[in-house]
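Data block below; observations after.
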Amino acid sequence: MAATVQYDASGAFAAEMDACDPLAIFRERFHIPRAPDGSDAVYLCGHSLGLQPRNVREYIEQELHDWEKLAVEAHFRGRNPWMPYHRLLTESMAALVGARPIEVVMMNSLTVNLHLMMVSFYRPTAQRFKIVVEGDVFPSDRYAVKSQLRYHGFDPQHALVRLTPRPGETTIRQEDIEALLEREGPSIALVMLGGVNYATGQLFDMPAITRAGHAQGCVVAFDLAHAAGNAPVQLHDWDVDFAVWCSYKYLNGGPGCVAGCFVHERHARAWELPRFAGWWGHEEETRFRMGPDFHPAPGAEGWQLSNPPILSMASLRASLDIFTNAGMDRLREKSISLTGYLEFLLNQQASSKFSIITPREAERRGAQLSIRIANGGRSIVERLNAEGILCDWREPDILRAAPAPLYNTYSDVHRFAERFAAMVR
Ligand SMILES: Cc1ncc(COP(=O)(O)O)c(C=O)c1O
């Protein structure tokens, strides 16, 4: 789509693109916030919190109904019995991250899952103990990783390896990642990168990084917070060891919604790995014998701790049903086109006042563009937001805008670019 369409900066072009967009119908399946003038807001914050699917209320009400009418019995007799409720999410979630059902479970929240995974898969020795992250890794991941290093008695100053762009560049080169792994591989225990970096929007070459890490004997993992539901991911085929993600961004699960966890099938029966245990990770057949010893279930489910949050899962289920209908391939195709259009419009403004720091190549980014603004960027974002054009600001100088293909339009992108250009001028 992106390769064949000749973009044009007129509003009429945006309207035409919307008129022939085969995914346009999906916008109606979301609540679009209102701008102060009563029109639909331009919502470009799907990288932060996705919009509410209209069907969420119905899905949650079903569970409230069963709770009201059946109470504890709903675990077995509810319309969607709560005991195996989490499995209603597994197939569609696994499809979105390219996993087999045994490899995926929805549980806890992202940072909790990251810790649980590191308990099992960060097994440092005196020779091999380093963890590689992006230099500007999301703070929660940095805190989690540093605390794990300290927990094992290592000094993050020495044991935390940060990948950074070359001087004068904004994103990390693949060749630099591979050179680092080549150079320091034998001392690296874990490579843990974002699939898409939260600040720059860079989409990493996950299969190549996994290959390079494995060639050095490292465990390779990804935080897919900004990649799940946004970019194509094939965790099983790429042979990734583990991955974690949240579901409130592109996956539209709602604030604080239950998070995802992937453990490669290779590790499904790795009983020798240490793990933090809770009763819900116990093998299902014997869980309710309430025995004294923990016998983990095979696969990702064996890392569960607690009985799951049904209302949160109901809301995610509503959203995943929409994803299944729309199809990730078609969404990605539209996403490439929409984000390409945003880039095209911004590039019409020759300006030294801002620059796009996200990679130019479609295969190196998802929906988000990050715009570095030399001066006064925060006030631009505040003024845009006050008009109902919602994007966000990350210190010290980055505006993030992400057209989400499920609910954003070409006209949204046109309106944002027009108002942004006027404010920058
Ligand atoms: C890349 C990344 N990692 C971790 C987190 C933290 O997620 P949570 O608060 O759900 O643990 C976020 C939240 O935005 C994130 O973007």
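Just so it is clear, the values below take in all heavy atoms, side chains as well, and ignore hydrogens, waters and symmetry mates. Start at 1 with the first residue, then count along the sequence. Order of listing sets the numbers, starting from 1, for every ligand and every atom in it.
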Nearest-neighbour protein heavy atom for [atom], which is reported as residue plus atom name and distance:
atom: atom 12 (C) of ligand 1; result: Phe138 CE2, 3.3 Å
atom: atom 16 (O) of ligand 1; result: His226 NE2, 2.9 Å
atom: atom 7 (O) of ligand 1; result: Tyr248 OH, 3.1 Å
atom: atom 14 (O) of ligand 1; result: Lys249 NZ, 2.8 Å

>> Under a 3.5 Å distance rule, please check whether Asn385 uses its side chain to pair with a backbone N or O of Cys391 as donor and acceptor.
In response: yes
>> Applying a heavy-atom cut-off of 4.0 Å, say which part of Asp223 lies close to ligand 1: side chain, backbone, both or neither.
In response: side chain
> With a 4.0 Å heavy-atom cut-off (strictly under), which part of Leu110 contacts ligand 1: side chain, backbone, both or neither?
Replying inline: both
Would you check whether [X] has a nitrogen or oxygen atom less than 3.5 angstrom from a nitrogen or oxygen atom of ligand 1?
X: Ser109; answer: no
X: Ser140; answer: no
X: Tyr198; answer: no

> Just wondering, do His267 and Glu103 contact through their side chains at under 4.5 Å, heavy atoms?
Replying inline: no
> What heavy-atom pair brings Trp271 and Ala297 nearest, and what distance separates the two atoms?
Replying inline: CZ3-O, 3.8 Å
> More than 12 foreign heavy atoms under 6.0 Å from CH2 of Trp393: is that the case here?
Replying inline: yes
>> Are more than 12 heavy atoms, taken from residues, nucleotides or ligands other than Phe276, located less than 6.0 Å from that residue's CZ atom?
In response: no
Which of the ligand 1 atoms, numbered from 1, are nearer than 4.0 Å to a heavy atom of [X]:
X: Thr111; value: 6 (C), 7 (O), 8 (P), 11 (O)
X: Ala225; value: 1 (C), 2 (C), 15 (C), 16 (O)
X: Asp141; value: 3 (N), 4 (C)

> Salt-bridged, Lys146 to Asp155, with N to O below 4.0 Å?
Replying inline: no
> Any chance the rings of Tyr250 and Trp245 have centres within less than 6.0 Å?
Replying inline: no
> When the aromatic ring centroids of His226 and Phe138 are compared, is their separation below 6.0 Å?
Replying inline: no
